[in-house]
Amino acid sequence: TLLNCTSSGHITGVENTAGGAAFHRQVCRLTGSGSQTLGTSGTAAAILWDTEVEDTAALHSTSSNTSRITVKRPGDYLISGVITFVANATNIRRVDFYKNGVIDNSRSVSAQNAGAGQVTRVPFATVMRADAAGDYFEVYGFQNSGGSLDMTLSSSSINVMLQPGT
């Protein structure tokens, strides 16, 4: 049987014979419309996402707690994307992962700056476990250039997806 998922995540074109179970994929794809300044060198800040590309399960809000992706059910979530930092030739850029406001240091992804005149892009992918409905994930940007530095959110993105079977 071929299953056809609509853009809202619902399966169409098949009869539901799974004992009344509802099929729905939980996906959230976000980006930004401008830039966000990391004002203090050596300090991480939650990335504020203001544009929803897709949100099939209302995991994100563009009006409150815009850094958060709040899950509706427990399970394993694939979190992937890229953060773009403006050109600066000093030190490193990093992406940190938080669950319920607590950093998971084992998942941080770092990149050396790309050099003078070049942006630094930090791609990331990890799987994080939500233990209960209402758990939330955040991605933080970090830089230690010696001054403030912008992240270009219009060329950054995050994708969060509940993994099948969890």
Could you go step by step and tell me if R93 and N88 meet the side-chain hydrogen bond (donor to acceptor under 3.5 Å, both in side chains) rule?
-> CA-CA 10 Å; R93 313 297 170 254; N88 181 292; 3.3 Å; yes
Worked verdict on D131 versus K99 for salt bridge (charged side-chain N to carboxylate O under 4.0 Å, His left out) = CA-CA 10 Å; D131 298 312; K99 176 183 163 188; 2.7 Å; yes
So which pairs with a foot in residues 73-92 pass ring-ring contact (aromatic ring centres under 6.0 Å, His included), sequence neighbours left out?
-> Y77-F137
Can you list the residues that meet the side-chain hydrogen bond (donor to acceptor under 3.5 Å, both in side chains) rule with D104, with sequence neighbours excluded?
-> S106, R107
OG1-CD distance between T90 and Q112, expressed to the nearest 0.5 angstrom = 9.5 Å
Taking only residues two or more places apart in sequence or in another chain, which ones pass side-chain contact (heavy atoms from CB on, under 4.5 Å) with A114?
-> Q118, T120
Qualifying ring-ring contact (aromatic ring centres under 6.0 Å, His included) pairs with a residue from residues 108-127, counting only residues at least two apart or across chains = F97-F124
Would D96 and S108 count as a side-chain hydrogen bond (donor to acceptor under 3.5 Å, both in side chains) if you check the C-alpha gap in whole Å, the side-chain angles of each, and the deciding distance to 0.1 Å?
-> CA-CA 5 Å; D96 296 325; S108 294; 2.7 Å; yes
Partner residues of T152 under the side-chain contact (heavy atoms from CB on, under 4.5 Å) criterion, sequence neighbours left out | T84, V86, S154, S155
Looking at side-chain heavy atoms only, is the closest gap between K72 and Q26 below 4.5 Å?
-> yes
Report the distance from atom CG of D135 to atom OG1 of T70, rounding to the nearest 0.5 Å.
-> 9.0 Å
Any side-chain heavy atom of V82 sitting closer than 4.5 Å to one from V122?
-> no
ring-ring contact (aromatic ring centres under 6.0 Å, His included) contacts in which one or both residues fall within residues 139-166, not counting sequence neighbours | Y98-Y140
Given the rule in the side-chain contact (heavy atoms from CB on, under 4.5 Å) test, do R29 and E52 qualify, once you have shown the distances and angles that lead to the verdict?
-> CA-CA 6 Å; R29 296 187 314 138; E52 293 177 348; over 6 Å; no
If only atom types and distance count, is the side chain of D55 paired as donor or acceptor with the main-chain N or O of A58 below 3.5 Å?
-> yes
Side-chain donor or acceptor of Q143 paired with backbone N/O of I92 under 3.5 Å | no
Set of residues satisfying side-chain hydrogen bond (donor to acceptor under 3.5 Å, both in side chains) with respect to S148, sequence neighbours excluded = none
side-chain contact (heavy atoms from CB on, under 4.5 Å) partners for A89, two or more places apart = N113, A116
Distance in Å, S156 OG paired with Q36 CD, rounded so as to fall on 0.5 Å steps | 9.5 Å
Worked verdict on I79 versus V127 for side-chain contact (heavy atoms from CB on, under 4.5 Å) = CA-CA 6 Å; I79 302 171; V127 175; over 6 Å; no
Rounded to the nearest 0.5 Å, how far does OG1 of T126 lie from CG of L78?
-> 8.5 Å
Does the S80 side chain pair with the main chain of A125, one donor and one acceptor, at a distance under 3.5 Å?
-> no
Set of residues satisfying side-chain hydrogen bond (donor to acceptor under 3.5 Å, both in side chains) with respect to S67, sequence neighbours excluded | E138
How close do A133 and P74 get, heavy atom to heavy atom, and via which atoms?
-> N-CD, 4.1 Å
Qualifying residues under ring-ring contact (aromatic ring centres under 6.0 Å, His included), relative to Y136, sequence neighbours excluded = none
Transitively linked via ILVMFWY side-chain contacts under 4.5 Å: L153 with V119?
-> no
To the nearest 0.5 Å, tell me how far L38 CG sits from M151 CE.
-> 4.0 Å
How far apart are the C-alpha atoms of S33 and D50, what are their side-chain angles, what is the distance that settles it, and do they pass the side-chain hydrogen bond (donor to acceptor under 3.5 Å, both in side chains) test?
-> CA-CA 7 Å; S33 60; D50 64 4; 2.6 Å; yes
Qualifying ring-ring contact (aromatic ring centres under 6.0 Å, His included) pairs, either residue in residues 28-58, two or more places apart | none
Is there a donor-acceptor contact under 3.5 Å from the side chain of T56 to the main chain of V27?
-> yes
Donor-acceptor contact below 3.5 Å, side chain S157 vs main chain L30 | no
Hey, what do you get for CG (N159) to OG1 (T31), rounding to the nearest 0.5 Å?
-> 9.5 Å
Keeping the roles fixed (side chain from T66, backbone from L48), state whether a donor-acceptor pair exists under 3.5 Å.
-> no
Partners passing side-chain hydrogen bond (donor to acceptor under 3.5 Å, both in side chains) against D150 (at least two apart in sequence or in another chain) | T37
